[in-house]
Amino acid sequence: MATEQELDMNSAQGISRRELRDLVREQLRVLLDQNNLTGAKALLVPVKAPDIAEAIEGLPETMQALAFRLLPKDDAAEVYEHLESNVQQLLIEDFKRQEVLDIVDKMSPDDRAKLFDELPAKLVRRIVDQLSHAEREATALLLGYEASTAGRIMTPKYISLKEEMTVDDALARIRRLADTTETIYYLYVTDNTRCLTGIVSLRDIVTSHPQQLVSELVTRDVVSVTTDEDQEEVARIIQRYDFLAVPVVDREKRLVGIVTVDDVIDILEEEATKDIYALGGVQAGDDDYFQTNLVTVAQRRVVWLLVLLVTNAVTGAIIRGQDDILKQVVSLASFIPLLIGTGGNVGAQSSTVVIRGLNIDQIRSGPLRVIRREAVAGALLGMMLGTMVCVGAMLFQYPPAVAISVGVSLMAISTLAATAGSVLPFLFQSVGFDPALMSAPFITTAVDMLGVLTYFTVARFMLARFHGG
């Protein structure tokens, strides 16, 4: 089995961190299979907490609790915070009461609140009642705020200073609280009522004269968020200003906590995952998709598929209603897949760029300008594609009426699809829905219906003109 030195050697020889994690997980499984608990414990000693969590998640359920119990108590809480919520719940069910308390009491308040959101209310009440007084108060504070707000994801563990403190006093306070706070790089200045009055960086503190007052170093122009601010907006603020943390204040401007950049990374990943699932017409769940029960997966995906089934049936009914013209010119039918496929793709492209722009707050020019831009882009795409298809159809000796109908329809459908793909996300946002719900499958199916109607309308007109000539 690989020792710590061997793992270091492998790393030095160019093995990627993912390959190293896979190696640890596989060796851990083998050691547990052999009931070699001493070897398994030694294997985990040099491994970082996030990698241990990933290794445990990759084990069979019967081994996960056993592997976790091999960890030293001081490391267990940190590893637990990195586990997926479904694995956390599984371990909680297997732990004895004291084991649960030892882990949960050492977790950071924001991670603990996130865990409690996933657990049954009865179990949460029992655990909270047995936490230490300080941790119980910190957890109750966070659980009092709505989910997905700054108040819910903040940590109340920060360092605050008073303006009348000297740099020496501030350094003494930092040393005393450093081990129990989330970050020491930003120091928040408050008055006697805990209202936020400014911020001082650790750099300013350590480079200033020991007897200099904090009031002389403080920056008054502080960017903060309120407890009811949406977590996604908090993430944008930290991202926009390149902060390591942002202070959270209540309605009276009192400092109640901070949101750190590590939590923001998790939020951005979570929100991006939800948006991607929505764009694909899949309902996002709280658990890892690939660890979720297949019945649950089917339930999440069937909703959109049923909607699309109904709308596709409408498209089929429209085509059946054109039997008379299809019987006259059978070759019209051969271009239907090309037209609706192209229209759906153009619409999906437009909706994707607009939805992404809305989600990352990149659209600042107003909806009308964006819609007009996408409509023009659709028209240009339609002209290029329509011309090529029209020429191609004539080369393959399709009737001129059919070739021109396809070319004109393709331009009209591309313009229509791009316009619809850009309008619908704005429409959804204006009525309070997530723009990502206007997903690619929905856009594609909606454009299919409109595209078929457009195609046969143009074809009837062109055939009538050529027949009349």
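Note that the structure is predicted; figures quoted are calculated from it, not measured. Values below: every heavy atom of this structure, side chains too, minus hydrogens, waters and symmetry copies.
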Between the side chain of [X] and the main-chain N/O of [Y], is any donor-acceptor distance below 3.5 Å?
{"X": "Ser422", "Y": "Thr419", "value": "yes"}
{"X": "Arg112", "Y": "Val104", "value": "yes"}
{"X": "Ser414", "Y": "Met411", "value": "no"}
{"X": "Glu163", "Y": "Asp191", "value": "no"}
{"X": "Ser351", "Y": "Ala348", "value": "yes"}
{"X": "Tyr158", "Y": "Leu255", "value": "yes"}

Return the [atom1] to [atom2] distance between [X] and [Y], rounded to the nearest 0.5 Å.
{"X": "Arg236", "Y": "Ile267", "atom1": "CZ", "atom2": "CD1", "result": "11.5 Å"}
{"X": "Glu78", "Y": "Asp75", "atom1": "CD", "atom2": "CG", "result": "7.0 Å"}
{"X": "Lys73", "Y": "Lys106", "atom1": "NZ", "atom2": "NZ", "result": "6.5 Å"}
{"X": "Ile56", "Y": "Met63", "atom1": "CD1", "atom2": "CE", "result": "12.5 Å"}
{"X": "Lys253", "Y": "Cys195", "atom1": "NZ", "atom2": "SG", "result": "9.5 Å"}
{"X": "Leu91", "Y": "Asn86", "atom1": "CG", "atom2": "CG", "result": "9.5 Å"}

Using 30° and 60° as the class limits, which term best fits the ring planes of Tyr186 and Tyr188: parallel, tilted or perpendicular? perpendicular
Heavy-atom pair of closest approach, residues Val222 and Leu196: CG1-CD2, 3.8 Å
What heavy-atom pair brings Thr226 and Ala150 nearest, and what distance separates the two atoms?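 In this case the closest contact between Thr226 and Ala150 is O-CB, 3.4 Å.
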Determine the sole option in Val234, Asp110, Val256, Ile258 for which the side-chain contact (heavy atoms from CB on, under 4.5 Å) test with Met154 is passed.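 Looking at Val234, Asp110, Val256, Ile258, the match for Met154 under the side-chain contact (heavy atoms from CB on, under 4.5 Å) is Val256.
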Could you point out which residue of Val200, Leu187, Asp204 forms a side-chain contact (heavy atoms from CB on, under 4.5 Å) with Val214? Val200
If only side-chain N and O atoms count, and only distance matters, is there a donor-acceptor pair under 3.5 Å linking [Y] with [X]?
{"X": "Thr166", "Y": "Asp168", "value": "no"}
{"X": "Glu137", "Y": "His133", "value": "yes"}
{"X": "Asp263", "Y": "Thr260", "value": "yes"}
{"X": "Ser132", "Y": "Asp105", "value": "yes"}

Do NZ/NE/NH1/NH2 and the carboxylate oxygens of Arg254 and Glu252 come within less than 4.0 Å?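 Salt bridge flag = yes for Glu252 with Arg254.
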Is the closest basic N to carboxylate O distance between Asp111 and Lys114 below 4.0 Å? no
[X] [atom1]: over 12 foreign heavy atoms closer than 6.0 Å:
{"X": "Lys157", "atom1": "NZ", "answer": "yes"}
{"X": "Glu233", "atom1": "CD", "answer": "yes"}
{"X": "Arg173", "atom1": "CZ", "answer": "yes"}

Enumerate, atom names and distances included, each donor-acceptor pair closer than 3.5 Å involving a side-chain atom of residues 43-54, sequence neighbours excluded.
| unit_1 | atom_1 | unit_2 | atom_2 | d |
| --- | --- | --- | --- | --- |
| Asp51 | OD2 | Arg17 | NH2 | 2.8 |
| Glu54 | OE1 | Arg21 | NE | 3.4 |
| Glu54 | OE2 | Arg21 | NE | 3.1 |

Considering only heavy atoms from C-beta outward, does the side chain of Leu358 approach that of Phe428 to under 4.5 Å? no
Within-4.5 Å side-chain heavy-atom neighbours: Tyr145 and Ile153: no
